[in-house]
Amino acid sequence: DQQVKQNSPSLSVQEGRISILNCDYTNSMFDYFLWYKKYPAEGPTFLISISSIKDKNEDGRFTVFLNKSAKHLSLHIVPSQPGDSAVYFCAASANNAGNMLTFGGGTRLMVKP
Amino acid sequence: EAQVTQNPRYLITVTGKKLTVTCSQNMNHEYMSWYRQDPGLGLRQIYYSMNVEVTDKGDVPEGYKVSRKEKRNFPLILESPSPNQTSLYFCASSLLWGQANYGYTFGSGTRLTVV
């Protein structure tokens, strides 16, 4: 059973609007969460992360929100740009598992000009 | 340039013919790992290595072998490939074992097709 789930395989957004990508997890031992972005023919690249002691982390246009009680996190991109079009993976790690990453299935974001 | 290099980028092979996918990193990272990416399943870990001569199974190790004889290299070996191993493979490295919060550096991927 997948411990990290991204229930939306794809998302289409107009340029300049907000993109919201969602991720749910089941393992309560996860204490660190990351988002990776992947362009075609390239490997995933680290985007932003958040520790379980926080509920929000912001880096420029990207903000990650964590709701521990709901075991839910989301990535907000404001404003969305065509260059943001990519597959986004949510990942989680647990300190007691050596901080190995467990990935979600990914969400393909398409930002239309 | 700091990077993880995988070869080949694309490979088509036949069932049962042994193959090796190479992975090399130039960042002196201790931790290296192999993932496969399949539609809807995200990235699933195959094997990982915490340091030279230290390897362990990930979530989907069946049909794969690895070795870590030197710090920079972590090849993935398919002794007898089967069609269900058709996938996109990624090698990743991280500075230290237990330091996922630093993020992983991924290679560009190897698309393998087994017919």
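All heavy atoms count here, side chains included; hydrogens, waters and symmetry mates do not. Every chain is numbered from 1, with letters handed out A, B, ... down the list of sequences.
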How are the rings of B/Y104 and B/Y35 set relative to one another: parallel (under 30°), tilted (30 to 60°) or perpendicular (over 60°)? tilted

Picking from A/G43, A/G106, A/P44, which has the most non-hydrogen pairs under 4.5 angstrom with chain B? A/P44

Atom group of A/K5 that falls short of 4.5 Å from chain B, counting heavy atoms: neither

Above 12 or not: heavy atoms from other molecules or residues under 6.0 Å from CZ of B/R9? yes

Checking heavy atoms, do the side chain of A/E42, its backbone, both or neither come under 4.5 Å from chain B? backbone

B/F106 ring center within less than 6.0 Å of A/Y36 ring center: yes

Interchain contact, B/Q37 with chain A, by part (heavy-atom threshold 4.5 Å): side chain

Charged N to carboxylate O below 4.0 Å: is that the case for A/D55 and A/K68? no

